[in-house]
*Asks:* 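I have a structure here, written as structure tokens, and I will follow up with some questions on it.
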Amino acid sequence: MRKQMRFLKVGILALGVLAIGSCNNDDDSLPQIDGYNNSDEVGATYLVAHWTFDDTNNEVISSTAPNKTLGGVAFTTGQIGKALQLSKGAIAFPPIDKINTVDALNNFTVSLWVNVQGTKGVAGGGFTSFFGIFPTSVSDVWGNLQACAETSRHLPASDTLELKNYLNTTLADNSQSGQDNVALKNTGTDAPNGGTGKYFMGGNKWAHYVMTWDGATHQFALYGNGESVGGYTDRGTTPVLKMRVPAQAMFGSMASADMGFANATRPDWAPLATASIDDVRVFNTVLAQKDIVALFNLGTAGR
């Protein structure tokens, strides 16, 4: 009888362990968002550069470390894990193979989370460059592509975040074509894109910023928190992006001599950035808007 009772106790204990294990598995299994488990699954085939800023400034696909740091550069709590905190600071990288050829980003998507306020009327404030890929051998301060904001147009307490896309492509005759798009509301019968641009209320908090370039349709789209907000999306006949190389990725600055670009001079209106930046992804394709919305929703959930 005692032997049978011992077997019974062991059996009950085993069932209890299984039950606890099942509960833990249920707790750890999160529901999908927009068909994905996390941001890493979105456009994974086309991801060519990624900065997580989770206690490292390295680009994680190639493990490339920065070769230049200037000003205040630290880590802070981000939208997904930790984030890069710039306080009048910037970091630059040596050329990274997957984003360092003329045709590497003919069509592209850049996705990042930013947390920044306006700097109108603030000493040392100005235009903010969050991220860009810059040619190293020219005197132009602008990059091949840049994700920026017109932070000097809005007061620090304002919730308006005037995001600004920029790209510069080399045309067939070897001339340069600079294009931009701004989160700005256009009005009137002659307004670009039928007046479809919008003011984006993303200042002073984490906001998801995405820009895409489609050389076939000449669309330079700008998204804030998953919504198209660009006022100048249609760029006429501008073709695919032909980058000037060699080129370096950089956060927090325009091209300038103090960041290793020997022939470039920092403009007074574009100081080193004061902003937080997180989960920067560069894709060599144009992501569909549903995937851009998925990146926003997944990031909002911290994954």
Side-chain angles (χ1 to χ4, degrees), residues 51 78-79 83-84 86 90 108-120 122 125-134 142-168 178-187 191-193 195-214 219-235 241 249-254 269-271 273-283 286-287 289 291-293 295-297 299-300:
W51 287 265
Q79 182 62 36
L84 174 67
L86 299 176
F108 66 79
T109 300
V110 174
S111 168
L112 63 162
W113 287 86
V114 299
N115 192 334
V116 65
Q117 64 183 16
T119 53
K120 186 175 181 178
V122 176
F127 182 87
T128 299
S129 180
F130 300 117
F131 169 75
I133 299 175
F134 295 80
W142 293 95
N144 293 308
L145 62 88
Q146 280 176 255
C148 318
E150 294 279 5
T151 46
S152 63
R153 294 183 183 174
H154 304 281
L155 292 168
S158 173
D159 62 1
T160 301
L161 180 56
E162 197 170 321
L163 301 172
K164 182 172 184 174
N165 299 350
Y166 181 83
L167 70 80
N168 190 317
Q179 304 292 332
D180 61 13
N181 194 1
V182 185
L184 190 67
K185 177 64 178 176
N186 295 302
T187 59
N193 304 305
T196 56
K198 300 178 181 179
Y199 290 109
F200 175 53
M201 307 307 173
N204 303 314
K205 57 189 176 184
W206 281 108
H208 188 225
Y209 175 11
V210 174
M211 62 177 183
T212 67
W213 174 248
D214 188 332
Q219 301 295 297
F220 198 15
L222 191 168
Y223 297 90
N225 289 351
E227 183 180 6
S228 179
V229 295
Y232 303 91
T233 303
D234 192 337
R235 305 315 299 168
L241 176 61
M250 184 161 57
F251 296 87
S253 178
M254 309 287 280
W269 47 265
T274 295
S276 300
I277 304 167
D278 194 15
D279 196 45
V280 180
R281 298 169 184 265
V282 181
F283 304 87
V286 180
L287 290 184
Q289 186 170 4
D291 286 333
I292 292 168
V293 171
L295 283 172
F296 168 61
N297 289 334
T300 300

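FYI, the numbering just counts along the sequence from 1. From a predicted model like this one, the values you see are computed outputs, not experimental measurements.
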*Asks:* What side-chain donor-acceptor pairs closer than 3.5 Å can you find for residues 147-157, not counting sequence neighbours?
*Replies:*
{"unit_1": "Glu150", "atom_1": "OE2", "unit_2": "Lys164", "atom_2": "NZ", "d": "3.2"}
{"unit_1": "Thr151", "atom_1": "OG1", "unit_2": "Gly126", "atom_2": "O", "d": "2.3"}
{"unit_1": "Thr151", "atom_1": "OG1", "unit_2": "Thr128", "atom_2": "OG1", "d": "2.8"}
{"unit_1": "Arg153", "atom_1": "NH1", "unit_2": "Glu162", "atom_2": "OE2", "d": "2.5"}
{"unit_1": "His154", "atom_1": "NE2", "unit_2": "Glu162", "atom_2": "OE1", "d": "2.7"}

*Asks:* Tell me, do Leu295 and Leu287 make a side-chain contact under 4.5 Å, heavy atoms counted?
*Replies:*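 Contact flag for Leu295/Leu287 side chains = yes.
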
*Asks:* Can you find a side-chain donor-acceptor pair between Gln219 and Thr233 that sits under 3.5 Å?
*Replies:*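 Result is no, nothing qualifies.
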
*Asks:* Any heavy-atom pair between the side chains of Tyr223 and Thr212 that's under 4.5 Å?
*Replies:*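 Thr212 reaches Tyr223 side chain to side chain.
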
*Asks:* Salt bridge (charged side-chain N to carboxylate O under 4.0 Å, His left out): which pairs involve residues 224-234, sequence neighbours left out?
*Replies:*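 Salt bridge (charged side-chain N to carboxylate O under 4.0 Å, His left out) check on residues 224-234 returns Lys198-Glu227.
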
*Asks:* Could you check whether any side-chain heavy atom of Thr160 comes within less than 4.5 Å of a side-chain heavy atom of Phe200, counting everything from C-beta outward?
*Replies:*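 Side chain of Thr160 against side chain of Phe200, heavy atoms only: no contact under 4.5 Å found.
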
*Asks:* Cut-off 3.5 Å, side chains only: do Tyr166 and Asn144 have a donor facing an acceptor?
*Replies:*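 No.
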
*Asks:* I need the minimum non-hydrogen distance between Asn165 and Tyr209, along with the two atoms involved.
*Replies:*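 So the minimum-distance heavy-atom pair works out to OD1-OH, 2.9 Å.
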
*Asks:* Can you list the steps and then say if Trp51 with Arg281 is a side-chain contact (heavy atoms from CB on, under 4.5 Å)?
*Replies:* CA-CA 7 Å; Trp51 287 265; Arg281 298 169 184 265; over 6 Å; no

*Asks:* Leu84 vs Asp278, test: side-chain contact (heavy atoms from CB on, under 4.5 Å). Steps then yes/no.
*Replies:* CA-CA 6 Å; Leu84 174 67; Asp278 194 15; over 6 Å; no

*Asks:* Can a side-chain donor-acceptor contact be found between Asn186 and Tyr232 if the only test is distance below 3.5 angstrom?
*Replies:*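 Yes, because at least one side-chain N or O of Tyr232 sits under 3.5 Å from a partner of the opposite role on Asn186.
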
*Asks:* Decide yes or no on side-chain contact (heavy atoms from CB on, under 4.5 Å) for Leu86 and Thr274, but give the supporting numbers first.
*Replies:* CA-CA 5 Å; Leu86 299 176; Thr274 295; over 6 Å; no

*Asks:* Given the side-chain rings of Trp113 and Phe131, with only the six-membered ring counted for Trp, is the space between their centroids under 6.0 Å?
*Replies:*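 No, ring centres 6.0 Å or more apart.
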
*Asks:* In this structure, is the centre-to-centre distance between the rings of Trp142 and Phe134 below 6.0 Å?
*Replies:*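 No, they do not, as the ring centres are separated by 6.0 Å or more.
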
